[in-house]
Protein chains: 2
Amino acid sequence: MSRQLDQVFAALADPTRRAILSMLLEDDMAVTDVAEPFEMSLAAISKHLTILAAAGLITQEKRGRVKWCKLEPDALKSASVWMQGFGQFEPVNLDAFEAFLERELGNGTGDMPES
Amino acid sequence: MSRQLDQVFAALADPTRRAILSMLLEDDMAVTDVAEPFEMSLAAISKHLTILAAAGLITQEKRGRVKWCKLEPDALKSASVWMQGFGQFEPVNLDAFEAFLERELGNGTGDMPES
DNA sequence: CTTATCGTCAACCAAACGGTTGAATATGGG
DNA sequence: CCCATATTCAACCGTTTGGTTGACGATAAG
C-alpha cells in the first residue's frame with residue numbers, strides 16, 4: 001500500500017519533524033525534552049510526535065509518567081527504496097558509490113544530517 | 001536551506017505526484033498525456049506538475065503549444081542524502097549494498113518503483 | 001494528602017491543500 | 001480567417017495542517 005509512503009514523506013516534509021528526528025539520532029528522549037528547544041507549545045510537539053509515530057518513524061513507550069521517544073530508522077527504508085528507483089537511469093554515480101562505501105564500511109564521520 | 005527539502009518531501013507525499021514521476025521515468029511527456037490516465041481534471045494535473053517543478057523534481061519546456069515534462073532525478077539527491085543519515089547507525093546493510101551494486105553496475109532489472 | 005510535573009485532549013483558528021468549473025490565452029492546422 | 005487543441009488562470013469549495021489555549025487524567029514527590 002502506498003499509504004505508508006504517503007505518511008513517511010508527509011512526516012518528513014515538515015522541518016520541525018525533521019529536526020526532531022535529528023535530535024533522536026543522538027538518543028531516546030522524553031516528550032518534554034524533545035519540546036524544549038522549540039519555540040512552540042508542548043501540545044504542538046506532542047502532535048508532531050504522534051504524526052512521526054503514525055508514519056513509523058519513531059516509537060513511544062511510556063515508563064512512569066514520562067513517555068520515551070525512540071527513532072526507528074528502518075521506517076525510512078520503504079521511502080528510500082522508492083526514491084532509489086529514480087536514480088537508476090543516471091550515469092553511474094561514483095560519488096554516491098564512494099559515500100555509500102564510506103558509510104557502510106564504518107569510515108563515516110558521524111555527521112548529523114542538517115535539520 | 002531546508003525549504004528545498006520541505007518542497008521535495010511534500011511533493012513526494014502525494015500518490016498522484018509519485019505516479020506522475022513514475023510515468024516520466026519512461027519518457028518525457030506532454031501535460032495532456034500525463035493527465036490522460038488519471039480520473040481528474042487537466043487543471044488538477046497541471047497544478048501537480050507545477051508543484052513537482054517547484055520542487056525541482058521535473059522541468060517543463062514549452063515547444064510550440066505543447067509543454068514537455070522531463071524528470072529531474074537529481075532533485076532527489078538532497079532528500080536521499082538527508083535520509084541516508086538515519087541509516088548510518090544500523091548494522092551494515094548488506095541487502096542495500098547488493099542492491100546498490102546491482103543498480104550502479106548496470107545489472108538492474110529496470111523495474112519501476114510502485115506508485 | 002497535597003502539590004507539581006508529564007503529556008494528551010478538545011475546541012478553536014488561519015492558512016494551505018487538492019480538487020472542481022468556466023473563462024482566458026497561446027499556438028497550430030485547414 | 002476560423003476553429004480546434006494545449007495549457008493555465010481565477011474563483012470557489014471542503015478538508016487537512018500546524019498552531020494556540022485551557023482543562024484534564026495520570027503519575028511522582030514532599
Side-chain angles (χ1 to χ4, degrees), chain A residues 1-24 27-71 115, chain B residues 1-24 27-71 115:
Chain A
M1 192 72 67
S2 69
R3 185 162 201 125
Q4 169 74 7
L5 227 37
D6 291 16
Q7 285 183 290
V8 170
F9 282 129
L12 295 177
D14 185 278
T16 300
R17 287 193 290 264
R18 288 199 307 276
I20 291 174
L21 292 179
S22 291
M23 291 165 59
L24 292 177
D27 208 351
D28 298 358
M29 296 178 79
V31 173
T32 304
D33 295 329
V34 170
E36 195 270 331
F38 296 96
E39 290 178 340
M40 178 184 313
S41 70
L42 179 61
I45 296 294
S46 179
K47 283 190 190 178
H48 281 305
L49 290 169
T50 301
I51 290 170
L52 289 170
L57 290 164
I58 66 168
T59 49
Q60 296 181 285
E61 184 198 354
K62 193 167 179 182
R63 279 204 300 273
R65 70 180 163 181
V66 53
K67 201 165 184 178
W68 293 92
C69 305
K70 182 182 184 328
L71 189 64
S115 60
Chain B
M1 194 72 66
S2 68
R3 187 165 211 124
Q4 170 74 7
L5 228 37
D6 290 17
Q7 285 182 290
V8 170
F9 282 128
L12 295 177
D14 185 279
T16 300
R17 287 191 291 262
R18 288 199 307 275
I20 291 174
L21 292 179
S22 291
M23 291 166 58
L24 292 177
D27 208 350
D28 299 357
M29 296 179 79
V31 174
T32 304
D33 295 329
V34 170
E36 194 271 332
F38 295 96
E39 291 177 339
M40 177 184 313
S41 71
L42 180 61
I45 296 295
S46 179
K47 283 191 190 178
H48 281 304
L49 290 169
T50 301
I51 290 170
L52 289 170
L57 290 163
I58 66 168
T59 48
Q60 296 182 287
E61 183 198 355
K62 193 167 178 184
R63 279 205 300 273
R65 68 180 164 182
V66 53
K67 202 165 183 177
W68 293 91
C69 304
K70 183 183 185 325
L71 189 65
S115 62

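Only this structure's heavy atoms are used, side chains among them; waters, hydrogens and symmetry mates stay out. Letters go in sequence order (proteins before strands), and every chain restarts at 1. Just so you know, these numbers come straight off a predicted model, no measurement behind them.
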* So does S41(B) get a side-chain nitrogen or oxygen closer than 4.0 Å to the phosphate oxygens (OP1/OP2) of dG19(C)? ->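 Checking S41(B) against dG19(C): no side-chain N or O falls below 4.0 Å of OP1 or OP2.
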* Asked: Is there a side-chain polar atom (N or O) of H48(B) under 4.0 Å from OP1 or OP2 of dG19(C)?
  ->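 Yes.
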* 5'-most by nearest nucleotide on DNA chain C - A43(A) or R65(A) ->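 Looking at the nearest nucleotide for each, R65(A) comes out on the 5' side.
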* From the options dG19(C), dG19(D), dT8(C), select the nucleotide whose nearest atom is closest to the side chain of L42(A). =>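 Of all the options, the side chain of L42(A) is nearest to dT8(C).
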* To do: Output the single nucleotide from dT7(D), dG18(D), dG19(C) whose closest atom is nearest the side chain of I51(A).
  =>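 The nucleotide sitting nearest to the side chain is dG18(D).
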* To do: Look up atom CG in L49(A) and atom CG in L24(A), then write down how far apart they are to the nearest 0.5 Å.
  =>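 One finds 7.5 Å between CG of L49(A) and CG of L24(A).
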* To do: Enter the distance from C69(B):SG to I45(B):CD1 here, rounded to the nearest 0.5 Å.
  =>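 Answer for the SG-CD1 pair, C69(B) versus I45(B), is 10.5 Å.
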* Asked: How would you label the contact of R63(B) with the nucleic acid (heavy atoms, under 4.0 Å): base, sugar-phosphate, or nothing?
  ->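 If one applies the 4.0 Å heavy-atom cut-off, R63(B) turns out to touch nothing in the nucleic acid.
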* To do: Spell out yes or no: do the side chain of K47(B) and the base of dG19(C) have one donor N/O and one acceptor N/O closer than 3.5 Å?
  =>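 Donor-acceptor pair under 3.5 Å: yes.
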* Does the R17(B) side chain pair with the main chain of H48(B), one donor and one acceptor, at a distance under 3.5 Å? ->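 No: the side chain of R17(B) does not pair with the backbone of H48(B).
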* Specify the separation, in whole Å, of atom NZ of K62(A) and atom P of dG25(D). =>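 From K62(A) NZ to dG25(D) P: 13 Å.
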* Asked: Quick one: W68(B) CH2 to dT27(C) P, roughly how many Å, whole number?
  ->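 One finds 17 Å between P of dT27(C) and CH2 of W68(B), rounded.
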